[in-house]
Amino acid sequence: FFCIEMRSSLSSLFLIVLLLPPCVSCRKDVSRQFSRNVNSNSLRKLRFPSLLMSSDVRSSNENSASITTGFASSSDNRKTFKRFMQIELWRGSPDMESLYPILCSIEQACRDINRLMRRVSTDNLEGFHKAVLPKGGNLINNSSLIKQSSSSGNSVNIQGEDQKKLDVIANSIMKIALCCSGKINIIASEEDDKACLCSAVVDNAAFSGDYSAVFDPLDGSSNVDSGLPTGTIFGVYRNQKYTVSADPTATVKQKGSELVVAGYCLYSASTHIVITLRSGLHMFTLDDVSGEFFLTKSNVRIPRQGPVYAFNDANMDNWDSAIRYFLQDFRKQRVPGLSFTKKPSARYMGALVADIHNLLFTGGIFGYPGTASKVNGKIRLLYEANPLALVIEQAGGVASNGLERILDIPLLDIHQRTPLFIGSADTVEALTKYVRFYNR
């Protein structure tokens with residue numbers, strides 16, 4: 001023990017006292033006396049003596065910052081989100097460099113939303129957002145044209161869904177962050193009834209750019225109050241310069257195949273940004289100590305098939321027969337063309353982002369079919385299905401509505417819905433064969 005090189009005589013003495021076998025009360029007294037004089041950095045080193053030892057063994061010249069955290073040293077050469085994007089954009093075409101401010105604004109927005117997610121209970125962010133009526137009687141809200149629910153008094157978005165408090169806050173964070181990048185011309189959000197110009201969001205005509213952004217600010221917001229995973233989905237399009245339509249929203253009505261950036265933020269046990277610039281899929285994880293997102297997985301690949309199925313089978317009776325037959329055969333491990341090395345298992349988390357993130361690493365299929373009453377299902381094509389379809393395809397997976405590729409579906413309305421089957425390539429393709437066979 002005494003062969004270990006200590007950073008200071010004070011640290012050495014403190015460790016020796018803790019390792020000596022005097023009575024517990026004496027040890028506590030000494031610890032309290034020393035804690036008054038030792039700075040916070042020294043205390044952090046003393047809390048992790050084993051990590052301190054391993055750092056000394058690796059290198060006697062470690063800087064104090066790496067020893068303080070006890071996790072990664074400068075020799076680990078971890079790439080931050082910003083540094084990684086600088087390199088990726090430099091490797092791409094010259095016009096891609098203009099995406100950098102947009103990517104930084106997405107990172108900052110995800111960091112801000114994550115901070116709020118961690119403080120839902122302590123900062124009274126639980127529950128629904130109440131609609132506000134001014135004296136004149138006209139409804140006002142942070143989101144455009146929000147209607148008041150006649151039964152509950154909650155604000156309701158264009159989808160007819162009661163809004164959580166964080167739905168409204170996250171929507172404002174994303175809109176302001178993206179528009180203040182100076183590179184976005186128009187944005188479309190799940191929470192707003194129509195796309196809006198950034199010049200209107202920040203009330204300054206100078207805020208415009210060559211790109212448009214689409215997003216679901218808080219996917220799975222019903223999970224907020226119970227502390228379950230939620231996420232943010234985003235996509236970026238390049239404006240079509242040849243568009244002559246008088247409707248400025250036409251630029252966001254492009255097929256998903258035209259996306260230049262797509263990804264999501266996951267707020268869970270860890271906070272991740274999973275993103276693609278159409279050159280592979282990469283995952284970044286938030287370091288709560290430094291506040292930076294670091295690259296933790298590069299060129300992520302989804303297994304060709306897997307045991308997980310994420311369907312809300314409470315609605316099975318209303319599904320098309322092809323979907324029911326596929327799911328029944330999948331559970332019994334008798335789907336033609338699939339080999340089952342593990343017993344199939346259901347994982348449905350109530351947040352699309354969380355289900356997709358799970359499938360990326362375990363393999364399997366997520367499905368949200370249409371029903372008799374809702375033929376087009378529930379998933380929004382523009383700001384949910386399209387970005388996640390590009391994410392999965394960049395990882396080697398497949399996304400389909402059962403009959404055609406998600407990214408090839410024409411967009412007629414920004415709130416257009418679609419059935420969605422997404423995940424491992426072999427598994428999704430097996431399902432589409434069922435659909436084609438039973439619907440001939």
Side-chain angles (χ1 to χ4, degrees), residues 106 109-129 152 154-157 159-174 189-191 215-234 263-275 283-288 293 296-297 300 302 306-316 344-368 377-380 383-385 387-388 391-392 420 422-423:
I106 290 172
C110 290
R111 186 184 292 113
D112 291 342
I113 296 172
N114 172 71
R115 187 178 297 113
L116 293 174
M117 291 298 303
R118 304 296 181 189
R119 302 184 62 84
V120 167
S121 298
T122 57
D123 288 2
N124 191 29
L125 295 173
E126 299 169 318
F128 292 99
H129 181 263
S152 63
N154 301 329
S155 61
V156 179
N157 64 14
Q159 318 295 335
E161 303 164 340
D162 286 354
Q163 289 184 308
K164 295 278 189 166
K165 292 178 182 178
L166 276 178
D167 279 323
V168 177
I169 297 172
N171 189 45
S172 296
I173 290 174
M174 287 295 294
S189 167
E190 178 192 7
E191 301 299 329
F215 55 88
D216 179 353
L218 196 60
D219 173 62
S221 57
S222 59
N223 288 347
V224 167
D225 293 354
S226 53
L228 296 176
T230 56
T232 298
I233 306 171
F234 56 85
Y264 62 82
C265 307
L266 174 66
Y267 316 116
S268 185
S270 297
T271 302
H272 303 288
I273 296 178
V274 178
I275 191 170
M283 185 176 84
F284 301 82
T285 303
L286 179 64
D287 178 2
D288 290 330
F293 281 93
T296 48
K297 290 185 183 294
V300 177
I302 187 173
V308 174
Y309 62 96
F311 285 73
N312 184 6
D313 52 8
N315 300 320
M316 182 179 287
S345 59
R347 295 286 187 275
Y348 188 77
M349 304 181 199
L352 180 56
V353 164
D355 288 317
I356 295 300
H357 191 77
N358 183 43
L359 291 178
L360 273 176
F361 302 103
T362 62
I365 183 171
F366 171 92
Y368 207 109
K378 180 183 177 182
I379 306 299
R380 268 70 61 157
Y383 34 74
E384 290 179 324
L388 292 178
V391 164
I392 287 294
L420 178 65
I422 185 170

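Scope of the values below: all heavy atoms of this structure, side chains included, with no hydrogens, waters or symmetry mates.
- Judged by distance alone, with hydrogens and angles left aside, the side-chain atoms of K164 form no donor-acceptor pair with the main-chain N or O of D225 at under 3.5 Å.
- For the atom pair CG (D123) and CZ (R115), the distance works out to 11.5 Å, reported to the nearest 0.5 Å.
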Start with the C-alpha distance between T230 and L166, add both sets of side-chain angles, then the distance that settles side-chain contact (heavy atoms from CB on, under 4.5 Å), and finish with yes or no.
-> CA-CA 11 Å; T230 56; L166 276 178; over 6 Å; no
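- With rounding to the nearest 0.5 Å, the separation of CG in D167 from CD in E191 is 4.5 Å.
- Note that the CZ atom of F366 and the CZ atom of F311 stand 8.5 Å from one another [nearest 0.5 Å].
- The structure places OH of Y264 at 12.0 Å from OG1 of T232, a figure rounded to the nearest 0.5 Å.
- Counting heavy atoms from C-beta on, the side chains of N124 and K165 come closer than 4.5 Å.
- When V353, I379, L420 are each tested for a side-chain contact (heavy atoms from CB on, under 4.5 Å) with E384, only one passes: I379.
- Heavy atoms only, all atoms of each residue included: A351 and D219 are closest at C-OD2, 3.5 Å.
- The shortest heavy-atom contact between G363 and I302 is CA-CG1, 4.5 Å.
- Smallest separation of non-hydrogen atoms from F293 and R111: CD1-NH2, 4.0 Å.
- Side-chain polar atoms of R118 and T271 form a donor-acceptor pair below 3.5 angstrom.
- Put simply, the side chain of T296 gets close to the backbone of M283: a donor and an acceptor are under 3.5 Å apart.
- Looking at D355, its side chain does come within 3.5 Å of a backbone N or O of M349 through a donor-acceptor pair.
- Shown here for I273 and C265, the closest heavy-atom pair between the two residues is CG1-SG, 4.0 Å.
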Start with the C-alpha gap between V274 and V300, add the side-chain angles, then the distance that decides, and say whether side-chain contact (heavy atoms from CB on, under 4.5 Å) holds.
-> CA-CA 9 Å; V274 178; V300 177; 5.9 Å; no
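- When atom types are taken as modelled, the side chain of N223 and the backbone of P229 share a donor-acceptor pair closer than 3.5 angstrom.
- The CD1 atom of I233 lies 5.0 Å from the CG atom of L352; values are rounded to the nearest 0.5 Å.
- Taken from CG in N358 to OH in Y348, the straight-line distance is 13.5 Å, to the nearest 0.5 Å.
- Closest approach of L266 and A354 over heavy atoms only: CD1-CA, 4.1 Å.
- The minimum heavy-atom distance between I392 and G423, with the atom names listed, is CG2-O, 3.7 Å.
- Between the side chain of S345 and the backbone N or O of V308 there is no donor-acceptor pair closer than 3.5 Å.
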